[in-house]
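One structure is given here, and the rest of the page talks about it.
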Amino acid sequence: MHKPIKYVEKAASIAANAVWFVFDRLNRINQNPSFTPRWSDRPLQKSWEKTKPPLGWPRETDSLCPKCVPEARRDILDGRKDWRDLLHEKVGEIKAQIIERDGKILMVKECPVHGKFEDVMAIDTAFFRHLEEVFPGRDIRAHNDDRLHNHGSSTIRHGRGSVLTVDLTNRCNMMCDPCFMDANQVGFVHELTWDDIMTLLDNAISIKPKRQMSVQFSGGEPTLSPYFLDAVRYARKVGYTSVQAATNGIEFAKSPEFCRQAADAGLRYVYLQFDGIGNAANSHRAVGNLFDVKLRAIENLWSNGVDIVPVTTIINGINNEQVGRIIQFALDNPKKIPFLSFQPVSFTGRDEAVTEERRKAQRYTLSHLAHDVKNQLRIGEPARDWYPISFISTFSDWSDLVHGPEAQWGQLSCGCHPNCGVGMAIMVDKHTKEAVPFTAFVNADQLAKDVARVNDAARGKWLSIIGMGLSLARNYDPFKSPSEFRIKDLLKKFDKTFGATGKSYGKVDGTRSRHDIDKRRDDRWNFLFVAGMWFQDLFNYDFRRTEQCIIPYATQEGEISFCAYNTGIGWRQIIEKMHMTATLTKWYNEHGRHEIFAGGKSVKLATAEHSMLLRDEIVTTDVQHDLDRLGIAKTAREEKLRARDAKLVQNDPEHAQMMRLYRKHVLKEPDSVEFVPLNGIEPAKPNGKPAERKEEVGSFGD
């Protein structure tokens with residue numbers, strides 16, 4: 001039985017629907033032209049002016065050969081080819097087809113030298129179609145950007161981005177797998193100087209459209225940089241309101257004082273590596289007490305005013321069973337977890353040479369994520385409650401309109417390709433823990449269409465606010481919303497997000513205080529956003545995605561798409577070597593070695609106590625065994641060990657047995673997984689018969 005107020009709200013929704021039709025009809029008369037804001041040299045776009053890449057299927061796009069690219073990159077790194085050739089040559093590029101087969105969406109391509117390649121893009125065609133159909137279009141084309149956007153086929157061409165990534169160092173205090181940058185393994189240190197950091201941040205605000213980007217300091221492990229706190233402080237000084245760190249959390253877990261210093265410097269969010277619930281679920285990272293580290297980091301950061309976004313690299317057969325557990329953890333702790341980010345594995349960095357067998361077994365797509373959430377947690381319909389991250393750009397356009405032509409910055413706009421990122425919003429009552437998908441009680445499709453019509457009319461601040469209010473009210477179903485949720489809470493949420501009316505919910509700029517932080521946190525409702533961001537690798541690379549990237553890397557050679565930098569032709573390896581700080585030997589001689597946690601080593605914590613709600617039933621006490629049962633390697637290192645051992649067994653079986661015993665008894669690596677040679681080829685015994693033996697699974701740290 002619904003509360004009486006719900007019936008009153010239903011009547012208000014029906015009334016708002018009637019008023020909307022009058023408002024909308026009048027709003028179509030003599031619509032205003034778009035204005036050009038101070039943060040752009042081009043006018044705001046009408047909905048029909050937004051461009052879109054080719055969508056649907058079958059379609060053709062530009063991609064890369066997974067074999068040609070590493071060869072071409074090696075030629076550049078070894079000096080046989082000039083890196084500037086990348087600016088005018090289509091190095092490693094081939095055409096790809098996006099097709100449907102057996103109820104899946106695939107990318108298929110063929111290199112004249114290396115043959116055919118194919119990979120899965122989605123396991124649900126309805127989900128994939130929905131994402132592309134509701135994509136509102138690209139952001140304003142980037143301009144005033146020639147100095148920073150000049151990378152040939154990899155050039156970013158649309159928008160200003162949402163998160164500027166700045167790698168402060170390639171040093172890391174872990175050595176885990178996967179790692180898209182191959183930290184601690186490249187033989188040299190690439191670390192930004194203070195002048196580098198200031199230059200990159202200053203350059204970033206020169207590009208238009210000048211949007212209110214987040215700045216994320218990353219690495220390696222950014223907290224190892226001696227300039228970490230200064231970098232956070234400077235980013236806030238020049239105008240970025242959302243300063244973040246992508247971190248494994250070790251330094252934050254060890255020192256509450258360091259957390260306080262980071263908060264005082266202006267750190268607003270920590271994107272915390274978080275691969276599962278329990279130490280066993282994180283054991284593939286090869287740190288003995290890594291989950292304890294995560295909980296302690298959350299405790300220290302939150303108590304000092306920094307918000308936490310758990311970030312999960314999700315891999316089939318390794319931790320895909322953790323999806324529901326991680327979301328349940330967030331639902332149980334809504335005051336401390338406002339956002340979740342799942343990142344399906346990208347086979348790059350340490351994993352670029354992945355075997356086809358492991359790639360197919362471990363491939364995880366955004367559609368896998370949507371279905372795992374539904375199956376494991378019983379929340380969300382894939383083709384109803386999940387939207388491309390770029391869906392929010394219609395509401396960003398509305399905010400730009402409301403804030404007018406004199407605004408110094410545009411609204412943050414996530415204008416990425418619909419195949420890049422998705423999200424589902426869950427409205428969570430912090431008091432009762434009741435949770436309902438936002439799109440279960442708000443008709444998001446119609447809401448976006450309504451808001452686009454408001455934007456196209458360009459009436460000015462208050463008429464645009466009235467239009468948004470009417471649309472929210474008419475698309476709201478009070479009978480399906482959380483029991484204590486009210487229409488006023490819905491209106492307040494949108495106002496708090498976009499700052500439309502000017503009411504203060506707690507400042508977020510460089511002058512914010514602890515009072516502002518607590519005031520924003522005092523909201524009863526947590527708009528928990530469960531995001532999925534799928535970074536590309538050479539097997540599914542699409543230049544249509546690269547050119548509208550919203551997560552550019554700031555480098556000494558300009559700003560480069562996240563995927564082009566970490567995958568693509570391999571701009572990371574090229575630029576880091578070009579601007580190498582020192583060889584490892586020289587660095588260690590001058591600075592000493594920093595501590596690395598690997599091989600099961602634990603982090604020494606002052607205490608492992610925390611105040612999080614942690615249900616026993618979601619804590620994982622054993623690793624996932626899917627790949628063990630299939631006899632498939634779990635990591636790049638394990639693949640290398642197997643390949644080496646297969647060769648060694650064939651050539652010198654006695655030495656192979658000695659190495660096996662050494663790794664088992666000296667390095668303490670497990671000896672429990674059946675040895676399955678690559679490509680199904682069994683090593684031979686000296687007598688020519690197949691070998692019958694078991695081999696161990698290796699771990700990092702030796």
Side-chain angles (χ1 to χ4, degrees), residues 24 26-53 135-150 155-164 201-215 238-242 390-416 448-468 471 494-495 497-502 509 547-550 552 558-559:
D24 181 51
L26 294 174
N27 219 20
R28 297 185 210 177
I29 302 171
N30 295 325
Q31 295 185 341
N32 294 328
S34 298
F35 59 79
T36 300
R38 296 184 66 176
W39 47 267
S40 174
D41 294 333
R42 299 183 179 185
L44 301 182
Q45 295 175 302
K46 303 288 189 181
S47 62
W48 63 82
E49 295 174 328
K50 289 178 174 283
T51 63
K52 297 182 181 182
F135 173 58
R138 296 163 167 143
D139 194 8
I140 299 171
R141 193 170 179 88
H143 51 284
N144 198 40
D145 65 330
D146 292 346
R147 186 165 55 91
L148 299 183
H149 288 167
N150 181 25
T155 301
I156 298 174
R157 305 184 189 282
H158 300 276
R160 164 60 284 196
S162 299
V163 180
L164 180 75
L201 292 174
D202 290 344
N203 285 344
I205 58 178
S206 69
I207 295 176
K208 292 186 177 181
K210 180 183 173 185
R211 293 203 175 276
Q212 186 59 66
M213 288 186 301
S214 301
V215 173
V238 298
Y240 301 108
T241 62
S242 181
S390 47
F391 186 75
I392 196 68
S393 63
T394 297
F395 303 92
S396 300
D397 293 342
W398 174 80
S399 179
D400 290 335
L401 179 65
V402 167
H403 287 286
E406 297 305 312
Q408 296 294 319
W409 297 74
Q411 176 68 36
L412 183 109
S413 182
C414 301
C416 58
K449 292 175 183 176
D450 290 353
V451 174
R453 294 168 82 96
V454 172
N455 296 343
D456 290 342
R459 293 300 182 191
K461 178 175 180 176
W462 288 106
L463 278 177
S464 297
I465 290 174
I466 291 170
M468 171 67 86
S471 180
F494 269 74
D495 191 28
T497 300
F498 297 106
T501 66
D509 61 19
E547 63 194 17
Q548 59 188 92
C549 177
I550 62 168
E559 293 185 7

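Residue numbers count from 1 along this sequence. The figures that follow rest on heavy atoms only: side chains count, while hydrogens, waters and symmetry mates do not.
To the nearest 0.5 Å, atoms CE (M213) and CD1 (I205) are separated by 8.5 Å. With rounding to the nearest 0.5 angstrom, the CG atom of L412 is 8.5 Å from the OG1 atom of T241. Between the CG atom in L401 and the CG atom in N455 there is a gap of 6.0 Å [rounded to 0.5 Å]. I207 contributes atom CD1, which lies 8.5 Å from atom CZ of R147 (distance to the nearest 0.5 angstrom).
L44 places none of its side-chain heavy atoms less than 4.5 Å from the side chain of D397. Contact check for M468 versus V451: side-chain heavy atoms found under the 4.5 Å cut-off. Contact of the E559 side chain with the L164 side chain is registered, since non-hydrogen atoms from C-beta on lie closer than 4.5 Å. Put simply, the side chain of Y240 reaches to within 4.5 Å of the side chain of L201, judged on heavy atoms. You'll find the side chain of P209 reaches within 4.5 Å of the side chain of D139, heavy atoms only. Taking the side chain as every heavy atom from C-beta outward, Q411 and Q212 never approach each other to under 4.5 Å.
Closest of all the heavy-atom pairs between F391 and A448 is CZ-CB, 3.4 Å. Minimum heavy-atom separation, P552 to V163: CD-O, 3.3 Å. The two residues S393 and G137 have their closest heavy-atom pair at OG-O, 4.4 Å. Of all heavy-atom pairs spanning S40 and I140, the tightest one is OG-CD1, 4.1 Å. The nearest pair of heavy atoms linking A500 to W398 is CB-CH2, 3.6 Å. Across all their heavy atoms, I392 and C414 have their closest contact at CG2-CB, 4.0 Å.
Residues that satisfy the salt bridge (charged side-chain N to carboxylate O under 4.0 Å, His left out) test with R138, not counting sequence neighbours, are E547. A search for salt bridge (charged side-chain N to carboxylate O under 4.0 Å, His left out) contacts involving K210 returns nothing, not counting sequence neighbours. Qualifying side chain to side chain contact (heavy atoms under 4.5 Å, CB included) partners for P43, counting only residues two or more places apart in sequence or in other chains: S34, T36. Residues forming a side chain to side chain contact (heavy atoms under 4.5 Å, CB included) with D456 (at least two apart in sequence, or on another chain): Q31, K46, S47, W48. Judged as a salt bridge (charged side-chain N to carboxylate O under 4.0 Å, His left out), and not counting sequence neighbours, the contacts of D24 are R28, R453.
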Do S206 and L148 pass the side chain to side chain contact (heavy atoms under 4.5 Å, CB included) test, and can you show the C-alpha distance, the side-chain angles, and the key distance before you say yes or no? CA-CA 9 Å; S206 69; L148 299 183; 4.1 Å; yes

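Residue pairs meeting the salt bridge (charged side-chain N to carboxylate O under 4.0 Å, His left out) criterion with at least one partner in residues 399-416, sequence neighbours excluded, are R38-E406, R211-D400.
With hydrogens and angles ignored, the 3.5 Å screen pairs no side-chain donor or acceptor of N144 with any backbone N or O of K208. A donor-acceptor contact shorter than 3.5 Å links the side chain of H143 to the backbone of D41. Between the side chain of R160 and the backbone N or O of S413 there is no donor-acceptor pair closer than 3.5 Å.
Note on ring orientation: taking the six-membered ring where Trp is involved, the planes of F395 and F498 are parallel (angle under 30°, cut-offs 30° and 60°).
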